[in-house]
Amino acid sequence: MIYTVIALFVLYALYYRYVPVRGVKGLTSLSSYEHVTLLDVRDYNEKDEMNGALRIPVAYLKRHYQAIPNRQVIVIAKSHLEKNVAIRLLRRYHFSVQGYYIKEHEHANALKMVKCH
């Protein structure tokens with residue numbers, strides 16, 4: 001019995017984080033959307049800020065979701081895991097998520113390996 005409860009808890013945690021949310025489309029640009037709130041859920045230590053976006057990291061969404069001015073939201077996240085958690089939390093609080101945008105660090109794919117002799 002206890003193993004069943006633990007297994008269900010683990011399955012729910014995996015679903016909550018890793019299974020993509022249905023009905024929310026990925027965006028390639030943020031220029032064509034009006035009357036929506038751009039919500040940046042990346043950490044505060046990310047150096048590149050999005051102009052006009054409200055910044056509430058995903059870890060603080062439960063406490064500060066009342067600060068989001070509009071019920072229609074576009075989520076800006078660093079990874080798909082962060083995006084999935086943020087969208088599920090926003091839907092729990094009755095926000096309409098119009099889409100998401102993954103903003104990766106500019107130099108994430110530009111690392112060059114140095115050969116040591």
Side-chain angles (χ1 to χ4, degrees):
M1 177 65 184
I2 191 74
Y3 294 117
T4 306
V5 172
I6 292 172
L8 289 174
F9 179 75
V10 169
L11 287 174
Y12 176 75
L14 291 173
Y15 168 79
Y16 192 81
R17 289 175 174 254
Y18 296 107
V19 174
V21 181
R22 288 187 188 187
V24 181
K25 59 184 176 178
L27 307 174
T28 57
S29 71
L30 299 173
S31 61
S32 64
Y33 290 90
E34 296 178 9
H35 307 294
V36 296
T37 300
L38 296 176
L39 181 64
D40 191 352
V41 296
R42 298 175 298 156
D43 288 333
Y44 284 127
N45 59 358
E46 292 291 324
K47 297 198 184 331
D48 55 339
E49 295 209 15
M50 302 290 291
N51 291 332
L54 176 65
R55 191 168 214 167
I56 302 175
V58 72
Y60 296 98
L61 265 178
K62 285 183 180 179
R63 282 185 260 167
H64 300 290
Y65 73 91
Q66 298 94 349
I68 302 171
N70 192 352
R71 289 287 177 188
Q72 294 185 350
V73 175
I74 292 178
V75 173
I76 302 167
K78 183 178 180 178
S79 66
H80 289 283
L81 184 139
E82 198 172 59
K83 176 253 320 174
N84 291 336
V85 172
I87 291 173
R88 285 195 169 89
L89 280 173
L90 289 168
R91 283 188 169 178
R92 181 183 299 167
Y93 297 120
H94 306 291
F95 285 92
S96 173
V97 180
Q98 302 296 315
Y100 66 89
Y101 179 74
I102 302 294
K103 175 81 168 138
E104 295 180 14
H105 189 66
E106 287 130 12
H107 303 292
N109 297 327
L111 294 176
K112 294 183 181 175
M113 301 301 287
V114 177
K115 185 176 180 181
C116 297
H117 296 280

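Treat the numbers as computed from the prediction; the structure is a model and nothing was measured. The first residue in the sequence is number 1, and the count goes up from there. The figures that follow rest on heavy atoms only: side chains count, while hydrogens, waters and symmetry mates do not.
- Among all heavy-atom pairs drawn from Gly52 and Leu38, the shortest one is O-CB, 4.3 Å.
- With rounding to the nearest 0.5 Å, the separation of CD1 in Ile87 from CZ in Arg22 is 14.0 Å.
- Taking hydrophobic clusters as Ile, Leu, Val, Met, Phe, Trp and Tyr residues chained together by side-chain heavy-atom distances below 4.5 Å, Val10 shares a cluster with Tyr18.
- Side-chain contact between Val24 and Val21 is present, with at least one heavy-atom pair separated by less than 4.5 Å.
- Put simply, CD1 on Ile76 and CG on Leu27 are 9.5 Å apart, with the number rounded to the nearest 0.5 Å.
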- Message: If you apply the rule side-chain contact (heavy atoms from CB on, under 4.5 Å), what do you find for Tyr93 with Gln66, and how did you get there?
- Response: CA-CA 9 Å; Tyr93 297 120; Gln66 298 94 349; over 6 Å; no

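- Here the straight-line distance linking atom CD of Gln98 with atom CD1 of Ile74 works out to 7.0 Å at 0.5 Å rounding.
- Val41 pairs with exactly one of Leu54, Leu61, Ile56 by the side-chain contact (heavy atoms from CB on, under 4.5 Å) rule, that one being Leu61.
- Tyr65 is not listed as a side-chain neighbour of Leu89, based on a closest heavy-atom distance of 4.5 Å or more.
- Heavy atoms from other residues, nucleotides or ligands lying under 6.0 Å from OH of Tyr15 number 12 at most.
- Panel note: side chain Asp43, backbone Asn45; no donor-acceptor pair is recorded below 3.5 Å.
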- Message: Before you tell me yes or no, could you show the steps for Ile68 and Leu90 under side-chain contact (heavy atoms from CB on, under 4.5 Å), namely the whole-Å CA-CA distance, both residues' side-chain angles and the distance that decides it to 0.1 Å?
- Response: CA-CA 10 Å; Ile68 302 171; Leu90 289 168; 3.8 Å; yes

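- To the nearest 0.5 angstrom, Tyr16 atom OH is 10.5 Å from Leu81 atom CG.
- Remark: Lys25 NZ to Tyr100 OH distance equals 11.5 Å, nearest 0.5 Å.
- Inter-residue side-chain proximity for Phe95 and Gln72 is flagged as unmet; no heavy-atom pair is nearer than 4.5 Å.
- Contact of the Lys83 side chain with the Lys78 side chain is not registered, since no non-hydrogen atoms from C-beta on lie closer than 4.5 Å.
- Judged by distance alone, with hydrogens and angles left aside, the side-chain atoms of Asp40 form no donor-acceptor pair with the main-chain N or O of Val75 at under 3.5 Å.
- Ring orientation note: the planes of Tyr60 and Tyr44 are tilted relative to one another, at an angle of 30° to 60°.
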- Message: Apply side-chain contact (heavy atoms from CB on, under 4.5 Å) to residues Val19 and Arg88 and explain how you reach the verdict.
- Response: CA-CA 11 Å; Val19 174; Arg88 285 195 169 89; 4.2 Å; yes

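- Side-chain atoms of Arg17 do not come within 3.5 Å of backbone N or O of Val85 as any donor-acceptor pair.
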